[in-house]
Every structure is written in structure tokens, then in C-alpha cells.
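Lettering follows sequence order; numbering is per chain, from 1.
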There are 2 protein chains.
Amino acid sequence: MIPNRAFRPAPVTARDKLLEAAVKLVRRQGFAGTSVEQLCGEAGVTKGAFFHHFASKEALGVAAAEYWSASTGAFFAEAPFHHLPDPVDRVLGYIDLRIALIGGPAESFSCVAGTLVQEAFRSSAAIRVAAESSIMGNARALEADLDAAVRQCGIEGTTGASLARHVQAVIQGAFVLAKTQPESGAADLAREQLAHLRRYFVLLFGRDAQEE
Amino acid sequence: MIPNRAFRPAPVTARDKLLEAAVKLVRRQGFAGTSVEQLCGEAGVTKGAFFHHFASKEALGVAAAEYWSASTGAFFAEAPFHHLPDPVDRVLGYIDLRIALIGGPAESFSCVAGTLVQEAFRSSAAIRVAAESSIMGNARALEADLDAAVRQCGIEGTTGASLARHVQAVIQGAFVLAKTQPESGAADLAREQLAHLRRYFVLLFGRDAQEE
DNA sequence: TGTCGCATACCGACCGGTTGGTATGATAAT
DNA sequence: ATTATCATACCAACCGGTCGGTATGCGACA
């Protein structure tokens, strides 16, 4: 759930500018903590434009989760680790990429879907479902590689799908812990969690040497 | 960060009733999504009582994090796993207890400090610090056992403190993932994450058989 | 070619309700 | 008599959302 502004094309329409503003402000202040007027100010549009494109603030939240999902999904789909021949290497390659993407203050690497669902899981079913799609979609993208790795190494007692969910859990947990830190220490604490996840997989898949 | 109402004495003063209401409503709706009037309604007191005991809504947030920290800290400090002779068993005992405490809808087992910090880490330094104390305090309570386990097993490349932080990260991540699910599936998904954490520790500390 | 009909995109003033917070007073214990 | 603990009444600011209106563009048809 990472790519920053630089990875995406600059938004042109009011709708895209609002979605971009939503990503930025929700990561920094949360959803309930961000007003429609603030969103409009950040996007440089008016309230009229906002409610022309979105039926409600909740609808903007849903659209932001989908927008986030689409842009991060595309980013990871293009990543070079997919071309590695060994499935275990592909999994570790994903984790290493996630580690490399963590840097700066927490709001620059944390996840919109995770923030949204933590606030709105009970008050808005639509937002909960959109966040679920985003996070579980990320997990599903790892499932094939993890399944292959599980098969290849003869692992028992778990599945690729379950391990893929755990990857997402550790990432989300890393973001929460990072937010407890002052700006300077946030990224290090988050990376530490991904490093533990990596060690878990190295132990599980019996990979002693490390690459990268 | 678990104990439910049943673990704590019934609140008597208006202050305690407000803190109890804060725990309940923040877990369900988040901090920004909960109004002062709602808090007062849940606690059965008036706004006058609220602002007599707390200088601001933010101050209530800080106090709620501290209240949460104190009650959960006391609960885990009393748990029987501390009497196990082997430090690895104590660590696994903690995880098993956490797994046992997960059940019902997400708002009944998730963490107030994690929810607070996710929303308010940038807008309120006081809340961020209070949440950090809560979460890292939980980690510190595990540090001695994990350090002993690391020493006993001759683990290299990490420390008890780092592993203790990872335990908290997985717990927080489990809660975020749980909130993406409909009520019926939330607890299972959260427990799955703790099971992976347990497997990590079993692999790391070379513990093949399992107890419990 | 011009223009009519209509849809899309957007503006900004405005509305009723809610928000966090305050001022003041009542009650009861010390 | 004083102080701690609340209740009542109230306020200005802000909230999400609405509404009447404008600018632009596009296809149909005379």
C-alpha cells in the first residue's frame, strides 16, 4: 500500500484531484478527521465539484479505497521480482521491495485502506468492504507464489493463502507501530517488522543464505 | 490489549464511567467518530461532568489510553504463564493467552491505543505518546522472557526487545485485518495471525513439540 | 452552417444540525 | 464556609449536504 505521488500520474480532473487529496489527508488525519471542505481545499476545487462527483463523503471514502487499490496493485504487478525463477525468492523479493518503500514520516508510507477500515468498519459497511477488497486483493496477489513455495518446501499446517494474509497483517501492524513514534523513528520501526516477517519465511522455507 | 468489561470492576465515579465509555465507543467508532455528547450519553453523565474531569476531548483520549494501559497491564501481569520455568514456554504462553482472548466482534477484542494512534498520531502529540506508552509498555513486559529465550537458544541477528515489538505489531495487524471482515469472520482471521506468530517463535527457538 | 436541446462539469452561497467548549448554579460532603 | 462533583443552559464555529446557477461541448436537424 505504498506508492507515493511520484509513482502516479498527476491528477487532472476534479475527481482525480479529490481522490489524490483523500489519499494524502486520510493518511495524515484519518477519515473522520478530514472534512469535505478540507478535501476540497487540498484538491483546489469547490464543494460543488465534490458533490457532483461523489454522492456523499462516505462514497468518496469508498472511491478512495478503490483508487488506492488500483494504483498500488498496478505498481506491485509491474515489480521485477515476479521474474525470479524460485517462488521463495519471489516472496522474499516482495518483502524486500516493501522494506525499500518504507521511509520518511508514517503518513508517507502507511496504508489508506487500513486507516479507513480501522475507523469506519462498524459505521460504514461500504467502506469496510472496499478496504477488505484492497487488503485482501494485495494478499491474493501473493497467494500463487506462496502456494508454490509451500508445495516446493513441503510445508504442512498452513497454506499460501493464510501466509499471504499474514504478510498483510504484519504490514498493517508495522504501520500502526510506526505511528506511535516521532517522525524520525517511524520508518525504522516499520522496517524492523518486515525484517521479522522475512526471517519467519526464511526459517519456514528453509532458506539459510540470504540474497539482496 | 484485550480484557473486556468483565475483567474490570464496574466503574463508579463519573470519571471512570467516562473512561469506560471511551474504551467502548473508541473501539467501535474511533476517536474522531465519537462525540463528547455520545460519550456522556453512554456513561450516563452530562457534559458538565465531562469537562469537570477532562480539560478537553483530547485529554480524555490521553486518559483513556492510560486507563487502558493500566487495566490490560494488570491483567497480563497476573496471568499464570509467568510461572512456567522455561522462557520459551512463557512466551508461547503469552501468545496462547492472546489467542484465547480473541472472540466475538472486532470491537470486543481490538486495541484502544492502536485505534487512537492511527487516527491522532499527527493531530495530537499527547495521544500519540500515550498510545506509544501503552503499546511499548506491553512490549516491555515481554522483553525479559524473550531476552532469556534468545540467550538460551543462542539466537543471533535480533534481540528480545525487537521480538517483543514484533509481537505487538502482529497483534495490531491482526486487529486491522479483523476489522475488514464481517462480524462472524473477524475473530478467526485475527487468531490466524497470532498462530503464525507462534509458528515463527517455534521455528526460531527450535521448539518442535507443542504444548497447550 | 447555425442553432437548438441536452448532458456534463463545476461554482459558491446557503441551510439545519452538531460540534467541542463555557458559564453558572445546585448539591452534598468536609 | 469551602470545595469537589456534578447538572443545565447556552454559544460560536464547523459540519455534511443542498440548491440555483453558469460554462462548455456534442449530436441532431433545419
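A cation-pi contact links Lys57(A) to Phe31(A), judged by a cut-off of 6.0 Å to the six-membered ring centre and 45° from its axis.
In this structure, CG of Leu25(A) is placed 12 Å from P of dG16(D), rounded to the nearest angstrom. For the pair Phe51(A) CZ and dG20(D) C1', the interatomic distance rounds to 17 Å; values are reported in whole Å. A straight line from NZ of Lys17(A) to C1' of dC10(C) spans 11 Å, rounded to a whole angstrom. In this structure, Leu18(A) places its CG atom 13 Å from P of dG16(D), rounding to the nearest Å. In this structure, the CZ atom of Phe54(A) is 15 Å from the P atom of dT18(D), given to the nearest Å. The distance between atom CD of Gln29(A) and atom P of dC14(D), rounded to the nearest whole Å, is 15 Å. Between Phe50(B) atom CZ and dG21(C) atom P there is a gap of 8 Å when expressed in whole angstrom units. Distance CD (Glu58(B)) to P (dT19(C)): 19 Å, rounded to an integer number of Å.
OP1 or OP2 of dT5(D) has at least one side-chain nitrogen or oxygen of His52(B) nearer than 4.0 Å. Remark: His53(A) is not in phosphate contact with dA9(C), judged by side-chain N or O atoms under 4.0 Å from OP1 or OP2. Phosphate contact (OP1/OP2 of dT19(C), side-chain N/O of Ser35(B), threshold under 4.0 Å): present.
His82(B) and Phe76(B) have their aromatic ring centers separated by at least 6.0 angstrom.
Of the options Arg28(A), Lys179(A), Gln172(A), Glu107(A), a side chain to side chain contact (heavy atoms under 4.5 Å, CB included) to Thr115(A) is made by Lys179(A) and by none of the others.
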Base versus backbone protein contacts along nucleotides 23-30 of chain C [heavy-atom cut-off under 4.0 Å; B, S, -]: --------

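With DNA chain C read from its 5' end, the first of the two nearest nucleotides for Glu37(A) and Gln38(B) is the one closest to Glu37(A).
In this structure, His166(A) and Tyr200(A) have perpendicular ring planes: the angle between them is above 60°, well past the 30° mark. Ring orientation note: the planes of Phe81(A) and Tyr94(A) are nearly perpendicular, at an angle over 60° on the 30°/60° scale.
Salt bridge annotation for Glu183(B)-Arg122(A): present, with a cationic side-chain nitrogen under 4.0 angstrom from a carboxylate oxygen.
Considering only side-chain atoms of Lys57(B), the nucleotide from dG17(D), dC10(C), dG21(C) that sits closest is dG21(C).
Side chains of Val167(A) and Ile171(A) form a contact here, defined as non-hydrogen atoms less than 4.5 Å apart.
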